[in-house]
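What follows is one structure encoded as structure tokens, with my remarks underneath.
What you see below is based on every heavy atom in this structure, not just the backbone, and it leaves out hydrogens, waters and symmetry mates.
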Amino acid sequence: MGLTSGTDNDQFYRWEESLDWGDNIGNWVDILNGPNGNDPTMATEGFVACEGYAINYITTDKTLSLSGVPYTSNQSINITRTTNSTSIGNNLVGNPFCSTIAANSNADANSFLSTNSDVLDATYSGIYAWNEQASYQGNRDDYTTISNSDAAKYIEAGQGFIVCAKNSGSTSLPFNTNMRKHGTATFYKNSEQEEVSRFYMSVENDEGLYNEILIAFIEGMANGLDISYDVGKLKGNPDIALYSVLVEDNGSDFIHQALPPLSGNITEVKIGLDINQAGNYTFKIKELENFDKIITIK
């Protein structure tokens, strides 16, 4: 693969939400080096279909090569929700196919979220991919979140991401071949998609510490929880977390919130900000899509 095994060298992890080890339930398992740097499991277990992996290069960026037979049939993996886990319900999975798959309903009716809404936690029924910035400066390192409130989004081949299981114990999470779809990283739109009014709000301080949220106005949505459209905030950056609260508050913080279409009435959405650094923070409307010119956001 191009990784260097051994103590103090590269590390190659899978996440086990239910693993009871080292006085913790929920642990990272270094399958390249093992817990002591000399007990690898990669040689015996190989790559597991639909498993997500995290790689830590000790010294420099690397280009890795993978080989094997592509998956061309439906695949699945068991996800778990374990009481007292250090990250309850959170499972690291990955796109097993050699093509992009539709992440949300705007990308395709047979999307990952549409297929799996019944097995994902109601509040965290979204896709969370870690987005680390160059040089690991930490200012913008956080989870990128995908929901059905987004424009069309796709999951790249081999992309790992976190999902949150709804049911206690073990549940099957399918990756079906009908999810496969040609995707693009840019905004994708066709005549079959309705125009949704949405905006992204960001906050940033003078040192570049940054976070953002999404508010969307969609036909059929309510002021309470709309599963897979309202998605809870997974707070990955310890120094900053911007979030909204549902109009009909359920006690959770959200990174994406969907509301009914604007009808001329005033809609108030409460915004929260957790910070660990004092200073000046600037709020901005980052993107504004499909709003009538008479609509004011303030």
Where the side chain of [X] meets the backbone of [Y], is there a donor-acceptor pair that is under 3.5 Å apart?
X      : Y      : answer
Asn276 : Pro238 : yes
Asn95  : Glu156 : yes
Thr100 : Lys181 : yes
Glu17  : Gly89  : yes
Asp239 : Asn139 : no
Asp274 : Ala241 : no
Trp130 : Gly236 : no
Asn104 : Ala151 : yes
Gln257 : Val245 : yes
Asp108 : Asn110 : yes

Report whether [X] and [Y] are members of the same hydrophobic cluster (ILVMFWY, side-chain heavy atoms less than 4.5 Å apart, transitive linking).
X      : Y      : value
Phe175 : Val48  : no
Val29  : Tyr53  : yes
Ile101 : Val163 : yes
Trp21  : Ile31  : yes
Phe47  : Ile79  : no

Do you know the tightest heavy-atom contact between [X] and [Y]?
X      : Y      : answer
Gly26  : Thr86  : O-OG1, 3.1 Å
Leu288 : Ile285 : CD1-CG2, 4.1 Å
Pro174 : Met179 : O-CE, 3.3 Å
Tyr71  : Arg180 : O-NH1, 4.5 Å
Phe97  : Ser73  : CE2-O, 3.5 Å
Ile155 : Ala103 : CG1-CB, 3.8 Å

Requested in this report: For the pair Tyr128 and Tyr143, name the ring-plane relationship: parallel under 30°, tilted 30 to 60°, perpendicular over 60°.
Outcome: perpendicular
Requested in this report: Using the six-membered ring wherever Trp is involved, compare the ring planes of Phe199 and Phe291 and label them parallel, tilted or perpendicular (cut-offs 30° and 60°).
Outcome: tilted
Could you tell me if the side chain of [Y] sits less than 4.5 Å from the side chain of [X], heavy atoms only?
X      : Y      : answer
Asn91  : Ile77  : no
Phe254 : Thr123 : yes
Val93  : Phe161 : yes
Ile162 : Trp15  : no
Leu242 : Ile271 : yes
Cys50  : Leu173 : no
Leu259 : Asn223 : yes
Tyr124 : Thr145 : no

Report task. Answer yes or no: is there an ion pair linking Glu268 with Lys270, defined by an N-O contact shorter than 4.0 Å? Result -> no
Requested in this report: Flag the pair Glu287 and Arg198 as a salt bridge only when some basic side-chain nitrogen lies within less than 4.0 angstrom of an acidic carboxylate oxygen.
Outcome: no
So how far is it from [X] [atom1] to [Y] [atom2], rounded to the nearest 0.5 Å?
X      : Y      : atom1 : atom2 : result
Thr83  : Ile88  : OG1   : CD1   : 6.5 Å
Ser125 : Asp226 : OG    : CG    : 11.5 Å
Ile240 : Ile275 : CD1   : CD1   : 7.5 Å
Ile127 : Ser111 : CD1   : OG    : 7.5 Å
Asp121 : Asn90  : CG    : CG    : 9.0 Å
Asp253 : Leu234 : CG    : CG    : 11.5 Å

Regarding [X] and [Y], do their side chains bring together a donor and an acceptor under 3.5 Å, going by distance alone?
X      : Y      : result
Asn211 : Asn237 : no
Tyr210 : Glu212 : yes
Tyr200 : Asp150 : yes
Asn27  : Asn24  : no

Query raised in the report: Where do Lys233 and Asp142 land on the side-chain contact (heavy atoms from CB on, under 4.5 Å) test, with the steps shown first?
Result: CA-CA 11 Å; Lys233 173 76 173 182; Asp142 209 337; 3.8 Å; yes
Query raised in the report: Is Lys235 positioned over the aromatic face of Tyr243, cation under 6.0 angstrom from the ring centre and no more than 45 degrees off axis?
Result: yes
Query - From CA spacing to verdict: side-chain contact (heavy atoms from CB on, under 4.5 Å), Tyr13, Ile55 - result: CA-CA 6 Å; Tyr13 296 97; Ile55 302 175; over 6 Å; no
Report task. Sort out for me which residue in Lys286, Arg140, Lys284 forms a side-chain hydrogen bond (donor to acceptor under 3.5 Å, both in side chains) with Glu204. Result -> Arg140
Requested in this report: Could you walk me through whether Leu120 and Lys166 pass the side-chain contact (heavy atoms from CB on, under 4.5 Å) test, one step at a time?
Outcome: CA-CA 5 Å; Leu120 299 181; Lys166 177 175 71 173; 5.7 Å; no
Query raised in the report: Stepwise, does the side-chain contact (heavy atoms from CB on, under 4.5 Å) test hold for Ser149 with Tyr229?
Result: CA-CA 5 Å; Ser149 293; Tyr229 290 84; 3.5 Å; yes
